[in-house]
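Contents: one structure, followed by commentary.
So you know, we letter chains A, B, ... as the sequences are listed, proteins then strands, and number each from 1. Only this structure's heavy atoms are used, side chains among them; waters, hydrogens and symmetry mates stay out. This structure is a prediction, so every number in the text was calculated from the model and none was measured.
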Number of protein chains: 2
Amino acid sequence: MNLRDLKYLIAVADTRHFGQAAERCFVSQPTLSGQIKKLEEELGVTLFERSKRSVETTHPGEIIVAQARRVLEQADALLQLAQSHQDPLVGPLRMGVIPTLSPYLMPLILQPLQTQYPQIKLVLSEELTDTLLTRLDKHEIDAALLATPVENPDFESIPLFEEPFWLVHPRNHPLSKKKKIIQTDLDCTDLLLLAEGHCLAEQAMEVCHLHERAVQGDLADLRAASLETLLQLVAAGFGCTLLPALALNAVSAKDKGIMTRQLQLPDTYRQISLVYRRTFPRRKVLEVFAAVVLENLPDTIRAI
Amino acid sequence: MNLRDLKYLIAVADTRHFGQAAERCFVSQPTLSGQIKKLEEELGVTLFERSKRSVETTHPGEIIVAQARRVLEQADALLQLAQSHQDPLVGPLRMGVIPTLSPYLMPLILQPLQTQYPQIKLVLSEELTDTLLTRLDKHEIDAALLATPVENPDFESIPLFEEPFWLVHPRNHPLSKKKKIIQTDLDCTDLLLLAEGHCLAEQAMEVCHLHERAVQGDLADLRAASLETLLQLVAAGFGCTLLPALALNAVSAKDKGIMTRQLQLPDTYRQISLVYRRTFPRRKVLEVFAAVVLENLPDTIRAI
DNA sequence: ACAATTGATAGGAATTACCTATTAACTTAA
DNA sequence: TTAAGTTAATAGGTAATTCCTATCAATTGT
């Protein structure tokens with residue numbers, strides 16, 4: 001059995017005329033006659049009662065024709081579904097974002113994305129880099145916004161922008177007296193860190209030339225679960241920390257006891273990129289997403 | 001698109017493995033890979049995300065696979081429908097019967113038919129010969145029980161039995177004195193007839209050697225609409241008539257004022273046969289029906 | 001009676017599906 | 001680290017299927 005055969009079948013049932021049915025199906029009459037005959041043999045049922053004068057659908061024929069219409073109806077629906085998914089922008093885009101980026105970047109782009117590409121249904125999940133990479137590998141998400149380069153050859157990435165780190169310290173901190181922060185100021189500072197697993201923690205240590213062991217002792221117990229908590233610690237005078245630029249809005253607005261200092265030093269930024277499986281078939285939607293991100297960055301952040 | 005392709009599609013979606021899917025479909029892996037690729041190109045949608053490690057269904061793929069299942073479901077239902085109609089006995093048998101036969105024959109066969117072949121759904125219609133032939137030609141009925149031979153080459157017939165005519169007259173009729181009825185008794189009798197269109201009327205005239213004009217006059221206005229009415233007229237002494245043997249039950253039971261006389265004369269019977277279109281594909285059900293009729297005839301009627 | 005129509009048949013051409021063999025990339029075991 | 005085993009894709013040739021033109025037999029309409 002064949003969808004084409006069912007089309008032939010219905011054409012004959014509709015026209016009661018092999019010639020006209022053939023014309024409607026854009027085939028010759030012998031072709032259509034042959035296929036109908038083959039179908040009848042396959043089904044073991046005579047579908048049409050032919051005479052030289054007329055063609056009539058038999059009773060079982062009527063029933064089978066009705067069912068054939070249902071089959072073609074569903075097949076047609078399949079084609080329409082396919083058509084509606086030809087545009088790579090259509091459908092859900094499952095995006096993972098690291099926690100130190102998501103709350104500060106997403107508010108900037110959700111509105112523009114929704115306005116420019118309403119057909120993209122963004123599904124966000126906020127998790128640590130490792131988790132995101134695992135889920136990406138398991139096809140549970142389509143792409144991830146990360147701050148670390150990827151080595152896995154299964155993945156590719158679109159570089160988005162460089163996000164500078166700012167130094168954040170209490171207003172009564174010794175560094176308050178310095179007009180400009182230099183590298184050595186960072187080296188020996190009382191750095192507060194995020195909990196383990198946050199890439200920001202390692203990156204901060206790297207910027208400050210610290211190793212894992214250096215943050216043992218008093219500070220080891222103070223690793224914060226979120227940037228918000230971290231800022232609370234800074235405000236409470238427990239030490240200073242490095243903050244990614246996009247998160248600055250979160251601090252300046254609410255806490256007068258905190259000073260934020262731009263770092264005019266080399267390599268004091270993290271590189272944000274959009275990571276996806278090499279085999280992901282809807283690259284277009286990622287390109288569109290990346291473009292929207294870049295268009296809506298504050299002027300202080302430079303795109304790559 | 002093709003039902004086979006959809007089977008391949010579902011096999012891959014189920015197994016997430018081209019090789020195993022191919023095995024399930026009894027084709028080679030390259031064949032299946034090729035058809036899936038062709039399908040993807042036709043639909044304009046990437047259905048699977050392949051890597052050397054794994055095969056995953058894309059989001060549009062999931063949707064299309066679900067629809068493909070619906071298509072195959074309906075196609076499967078079609079095959080099952082066809083299967084259930086392979087037996088020519090299954091389904092309605094639309095049977096036309098002439099009014100002078102139906103009420104006397106049908107009670108004899110309905111019960112046995114129902115018992116022996118419960119799958120046959122008999123749909124009866126009782127109409128005059130001409131109407132039945134027209135409806136047979138228009139495929140409105142499948143066959144007809146008639147008492148006249150058919151000339152139309154589109155039709156064929158299965159001879160069933162010869163139904164003798166009996167003479168029926170009032171008990172106080174001159175013929176009551178005769179021990180045996182001979183042809184000349186019939187020739188000049190006061191014959192009562194059924195309404196025009198009933199084949200029985202013409203056949204009775206023929207048996208009695210009468211022509212159309214002979215029944216003009218008084219009798220012309222007395223043509224009865226049914227055998228029952230005819231018997232009422234006989235009982236009321238308006239004349240005599242010829243009755244087909246199967247209808248005898250109807251008279252003997254209810255009216256003592258009527259005599260029924262067997263005719264031991266040549267050609268005093270009508271031939272009942274089952275008429276159908278030459279092209280009717282379920283001849284088997286007709287043969288079965290004919291057999292049931294013959295098996296359940298009273299012993300007084302001889303089958304052909 | 002003759003031309004036009006209709007569905008079936010025959011024979012050959014074109015397309016399509018299919019198979020085997022092989023490749024390229026990756027994973028696992030030694 | 002190398003070797004063996006998997007996996008999906010590719011290439012090339014074969015078999016099956018579909019399709020066409022030409023024709024026939026039967027019927028219908030003029």
Check [X] against [Y] and note the closest heavy-atom contact, atom names and distance.
X       : Y       : value
A:Thr57 : A:Val65 : CG2-CG2, 4.4 Å
A:Arg24 : A:Ala11 : NH2-CA, 3.5 Å
A:Leu3  : A:Val71 : CD2-CG1, 3.8 Å

Cut-off 3.5 Å, no hydrogens considered: what does the side-chain donor-acceptor table look like for residues 118-133 of chain A, sequence neighbours left out?
unit_1: A:Lys121; atom_1: NZ; unit_2: A:Pro118; atom_2: O; d: 3.2
unit_1: A:Glu126; atom_1: OE1; unit_2: A:Ser102; atom_2: OG; d: 3.3
unit_1: A:Glu127; atom_1: OE1; unit_2: A:Arg135; atom_2: NH1; d: 2.8

Please enumerate all residues that pass salt bridge (Lys or Arg N to Asp or Glu O under 4.0 Å) together with [X], with sequence neighbours excluded.
X        : answer
A:Glu162 : A:Arg302
A:Arg4   : none
B:Arg270 : B:Glu163

Start and end of the DNA chain C segment that chain B contacts, any atom under 4.0 Å from a heavy atom: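 For DNA chain C, the relevant span reads C:dA17 to C:dT27.
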Extract all donor-acceptor atom pairs below 3.5 Å that involve side chains of residues 87-96 of chain A and protein atoms in other chains or at least two apart in sequence.
unit_1: A:Asp87; atom_1: OD1; unit_2: A:Leu89; atom_2: N; d: 2.9
unit_1: A:Arg94; atom_1: NE; unit_2: A:Asp142; atom_2: OD1; d: 3.3
unit_1: A:Arg94; atom_1: NE; unit_2: A:Asp142; atom_2: OD2; d: 3.3
unit_1: A:Arg94; atom_1: NH1; unit_2: A:His139; atom_2: O; d: 3.3
unit_1: A:Arg94; atom_1: NH1; unit_2: A:Glu140; atom_2: O; d: 3.4
unit_1: A:Arg94; atom_1: NH2; unit_2: A:His139; atom_2: O; d: 3.1
unit_1: A:Arg94; atom_1: NH2; unit_2: A:Asp142; atom_2: OD1; d: 2.7

Those residues of residues 33-44 of chain B lying under 4.0 Å from DNA chain D by at least one heavy atom: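 Heavy-atom cutoff 4.0 Å gives B:Ser33, B:Lys37.
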message: Any residue in residues 13-23 of chain A with a heavy atom nearer than 4.0 angstrom to DNA chain C? Just list them by number, or reply none.
response: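 Here the set is A:His17, A:Phe18, A:Gly19.
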task: Find which nucleotide of DNA chain D each of A:Phe26 and B:Pro153 is nearest to by heavy atoms, and output the residue with the more 5' nucleotide.
output: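 Residue closer to the 5' terminus by nearest nucleotide: A:Phe26.
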- prompt: Would you say A:Arg4 reaches D:dT18's phosphate, i.e. side-chain N/O to OP1/OP2 under 4.0 Å?
  reply: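 Yes, because at least one side-chain N or O of A:Arg4 sits under 4.0 Å from OP1 or OP2 of D:dT18.
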Give every pair of a protein N or O atom and an N or O atom of nucleotides 22-25 of chain D that lie under 3.5 Å apart, one pair per line with the distance.
none

What is the distance from [atom1] of [X] to [atom2] of [N], rounded to the nearest Å?
X       : N      : atom1 : atom2 : result
B:Phe48 : D:dT7  : CZ    : P     : 16 Å
A:Asn2  : D:dT17 : CG    : C1'   : 10 Å
B:Arg53 : D:dT7  : CZ    : P     : 14 Å

message: Can you tell whether the side chains of A:Asp154 and B:Arg53 come within less than 4.0 Å, N to carboxylate O?
response: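 A salt bridge is present here (some side-chain N lies under 4.0 Å from a carboxylate O).
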Please tabulate, one pair per line, all N/O donor-acceptor pairs under 3.5 Å involving side-chain atoms of residues 38-45 of chain B, not counting sequence neighbours.
unit_1: B:Glu40; atom_1: OE1; unit_2: B:Arg50; atom_2: NH1; d: 3.2
unit_1: B:Glu40; atom_1: OE1; unit_2: B:Arg50; atom_2: NH2; d: 3.0
unit_1: B:Glu40; atom_1: OE2; unit_2: B:Leu47; atom_2: N; d: 2.7
unit_1: B:Glu40; atom_1: OE2; unit_2: B:Phe48; atom_2: N; d: 3.2
unit_1: B:Glu40; atom_1: OE2; unit_2: B:Arg50; atom_2: NH1; d: 3.0
unit_1: B:Glu42; atom_1: OE1; unit_2: B:Met1; atom_2: N; d: 3.0
unit_1: B:Glu42; atom_1: OE2; unit_2: B:Met1; atom_2: N; d: 2.6

message: Run B:Ile272 and B:Leu146 through side chain to side chain contact (heavy atoms under 4.5 Å, CB included) and show every step you take.
response: CA-CA 6 Å; B:Ile272 306 296; B:Leu146 302 182; over 6 Å; no
Selection residues 65-80 of chain B - residue pairs positive for salt bridge (Lys or Arg N to Asp or Glu O under 4.0 Å), sequence neighbours left out: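 Residue pairs passing salt bridge (Lys or Arg N to Asp or Glu O under 4.0 Å), neighbours aside: B:Asp14-B:Arg69.
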task: Scan residues 56-68 of chain A for pairs that pass salt bridge (Lys or Arg N to Asp or Glu O under 4.0 Å), counting only residues two or more places apart or in two chains.
output: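 Listed by first then second residue: A:Arg16-A:Glu56.
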